[in-house]
Every structure is written in C-alpha cells, then in structure tokens.
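Read the numbers this way: they start at 1 and go in the same order the structure lists the ligands and their atoms.
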Amino acid sequence: MIRFLTAGESHGKALTAIFEGIPANLSISSDYINFQLKRRQAGYGRGMRMKIESDKVEILSGVRYGKTLGSPISMIIKNKDWANWSETMSVEKSSAPTNKITIPRPGHADLVGITKYNFDDIRDSIERSSARETASRVAACSIARKLLEVFGITIGSYVESIGGIYSRVNYLNTLLENKIASNFKAVSLSNKADKSAVRVLDKVQEEKIISKIKTIKKKGDTLGGTFITVASGLPAGLGSFVHYDTKLDAEIAQAILSVNAVKAVEIGSGFESAHLYGSNSHDEIKKVGDTLTRKTNRAGGIEGGISTGLPIIVRAAMKPIATLMSPIQSVDLKTLKKVDARRERSDFVAVPACAVIAESMLAFTIAKHFVVKFGGDSIEEMKDNYKNYTSKIFKRIKNNFV
Ligand code: EPS
C-alpha cells in the first residue's frame, strides 16, 4: 500500500511530504521532481507569488545513489516568501503586533475555517487551505508517476476551457471515440499543452483566452475553467467492484475533487452519457489479435470500478479563484457590518496549474492500485508479478471459456 502526507503553511518556512510504500530500486532524482514542480508553477494568469518562488525539492530520506530504499521518502520545498513572513508566521510566541484578518472572502475557506477551528484570526484558515500545499503533493506524487513510467503508464493533461472559451476542435471526443494511435501516450498531451501559456491545444483558443484574462485582470476579477486528465498504458484489472472504496473511478473522483477549487469531476462521457441511448453510450467489445478491447472509450477506461486497459479519461471543472481585487460582499467579523471582502495578493487564473496537480493525483491513485495488484518489495519483484499477470490475461480467458 502506498500513501503520502504533506505538511506546511503557505507562508511558513517550508512545505514537506512523506511518501511511503514505494518498493526498493526505483530510480528517482530531484531533477525529475523539479521538472513537475516547475510545470505546476507555470500558466498565464498566476499572481506575484509565482515570481517569488522557484520550487525546488530536497529529498531527505528513503533514496540512496538515485534509487529508492523501500523506506519512507521525505522531502522538503522551502518557501522563499518565508523571509517576508517570518514574524507573521512565527512558530514561537511573538511579541510583534499582528494585524488580525477579520473579513472572510466568499468562496475561500476563510469563514468555514474560523468556524470549525475556533480561530480568532482568518490568517490561521488561509495558510493551510491555500493551494500552495499542492506543491508538496506534486513533489510526492512524482514518485508515483515515476513508478508508473517503469511499466509504460504515462499521465497527461490539457486545459479544455477557461472562462467559457473552448477550442473549435473537440479533442475530448477523439479520446472518447478512441480515435487515437495504438501507441498513444497520455504524456504527449502534456508535452503539447505545456508549450501553450494556458496549456490549451489550440493557438486560436489560446489567444482568445489570454485576451480575456487581460480584460478580467483589469476589472479585478478571476476565471475558472475545465481540464482533461488522461492516463494511458494501464493493464486491465486495476481497482475492484467489491467495495465502494476500492472502485478506481470513485477514488479518482475523490483524488481530483480534493484539488483546491475543483467543483466537478466526470469520468469518460460523464454527464453527456445521461442524454444518450444505451446503444450509443456503451463501448462495443472486439477481439484484436490476442486481446479483447473496446471500439470506443466512452467509459473513460473504467467499467465496474476496474480499468479496462484503455486510457483513463477524467474531465474536471475548477471554479474561479475566490480572491477578487474588485470584491463582492462580506461581513467584518469584528463589527458584524456589511463590507467588501478583503483584497489579498492572489492568482487571477490557475486552471493550467490545476491540471498539473490533477495529473499528480491521478498518478497517485493509479499507482496505489498498481501496488495493491502487483506489490512486492522491489521493482524487480513487481516487474515479475506484472509480467506474470499481463502476459497470461488472454490465455486465462481462453482456458476458462473456449
Ligand atoms: C493562494 C494565494 C496565492 C497563490 C497561492 C494560492 O498565494 P499568496 O497568498 O502567497 O499570494 O499564489 O498559490 C501558491 C502559492 C502556489 O504555490 O500555488 C490561495 O489563497 O489559495
């Protein structure tokens, strides 16, 4: 079983993570993780904070000479901005005066946080609820991503829309109709999207989006969007239908909904399938050589909570960033009077980053099921288990039925 925990406040000294359960002998380097961290920081529409930070991981344990040891992997990412916050975020009791934050921003965790934890300063809610935490998730989940790569499983994403601006080309449909090359690698989507400032696949759409972001920035507003996350190269048989908490699709939905500001997740044709006839909603089964596959992939690579072997396709929606420079209405908790919500340095759009974080959560969830199915204490043992299962899938079906 693999699992990870993160710790750290947005303006604290550092973010940390501990990843446990990865078998021994997986090659991993700080450079590999830093590449993913850099991708998470990119995207037109980010705020001033991203100009301060250049996230770099330091691996503290669990790795020797570039290979995992099977022991917990701990890592740290220092917050450069800490230098400007050491008084405000002091761990020890401080005599310095603090300006307590008393006006909650609608849509942020400000009000629910102080309500739940009985804080007397909204700063105490802001710090851990901030999407800054996702830097440690991306670092930790890079290890899961690396594990999957050993077995030919890659993960990719692209931004489908920002502020309601879509491409004229519906690439999602190409995926759902399975009109992709047999050697399709999901990472190729990211390789293309990463070349765009807003991680879209269409130049005309990109220009329209950037122009809209410029306009809303001037107005002090923010935007959300939708994005597609895909995994390819999975064997059939990850996940299970036996329990609510072992279904692969349910776990993926939970993992991606946990990313800050994500409000909806669809697998495969999702909501659209509710309008279709069964006859053009499901994926016909066909035999190709020594495999059984599907003609289309409207199920998004999962049937009955179990991977089919076709790409996993997840669509998600991110709401607009809650911090507004032209704020909407709130209540000052000190006076209980109606006021404008507090302005605070923030991003205007973070959908491109959100898609990278979703990739990380997808990698983790798939890796978790991969380890459950093919577990072992070393990569070599896992490879044997994987080969033993995958090389005999068709043979077993034939033995049982033919
Ligand atoms: C965030 C507010 C901004 C974002 C932050 C999320 O940070 P700050 O308050 O320091 O300007 O930039 O995201 C990150 C720092 C990050 O690394 O993604 C918030 O309130 O959620």
Shortest reach to atom 3 (C) of ligand 1 by a heavy atom, considering only S136, S346, A322 = S346
Under a 4.0 Å heavy-atom limit, does E53 contact ligand 1 with its side chain, its backbone, both, or neither?
-> neither
Indicate whether any N or O donor in one side chain lies under 3.5 Å from an N or O acceptor in the other, for E149 and Y32.
-> yes
Number the atoms of ligand 1 from 1 as they appear, then name those within less than 4.0 Å of a heavy atom of H11, with their elements.
-> 8 (P), 9 (O), 10 (O)
Answer yes or no: does an N/O atom from R40 fall short of 3.5 Å to an N/O atom of ligand 1?
-> yes
Short N/O distance, under 3.5 Å, between R105 and ligand 1?
-> no
When you look for heavy atoms under 4.0 Å from ligand 1, do you find them on the side chain of R132, its backbone, both, or neither?
-> both
Find all atoms of ligand 1 within a distance of less than 4.0 Å from any non-hydrogen atom belonging to R345, and give their numbers and elements.
-> 8 (P), 9 (O), 10 (O), 11 (O)
For the residue pair R298 and N178, confirm or rule out a side-chain donor-acceptor distance under 3.5 Å.
-> no
Looking at M50, which atoms of ligand 1 are within less than 4.0 Å of one of its heavy atoms?
-> 14 (C), 15 (C), 16 (C), 17 (O)
Within the 4.0 Å heavy-atom cut-off, what R46 brings close to ligand 1 is side chain
Say whether R105 and T323, considering side chains only, have a donor N or O and an acceptor N or O under 3.5 Å apart.
-> yes
N34-K38 side chain donor-acceptor pair, cut-off 3.5 Å | no
Does F370 have its ring centroid less than 6.0 Å away from the ring centroid of Y386?
-> yes
closest protein heavy atom to atom 4 (C) of ligand 1 is D347 OD2, 3.4 Å
Going by the order shown, which atoms of ligand 1 are within less than 4.0 Å of some heavy atom of H108?
-> 19 (C), 20 (O), 21 (O)
Identity and distance of the protein heavy atom lying nearest atom 21 (O) of ligand 1 | A131 N, 3.2 Å
Distance-only side-chain donor-acceptor flag, E359 / S190, under 3.5 Å = yes
In terms of its nearest heavy atom to atom 5 (C) of ligand 1, the top option of G47, S130, A109 is S130
Aromatic plane relationship, F364 with F19 - under 30° parallel, 30 to 60° tilted, over 60° perpendicular | perpendicular
Nitrogen or oxygen atoms of D81 and ligand 1 under 3.5 Å apart = no
May I ask you to check whether K286 and T293 show a side-chain donor-acceptor distance below 3.5 Å?
-> no
Is it true that the side chains of S273 and S281 contain a donor and an acceptor less than 3.5 Å apart?
-> no
Closest contact, heavy atoms only, N297 versus D283 = N-OD1, 3.3 Å
Ligand 1 N/O within reach of S129 N/O, cut-off under 3.5 Å | no
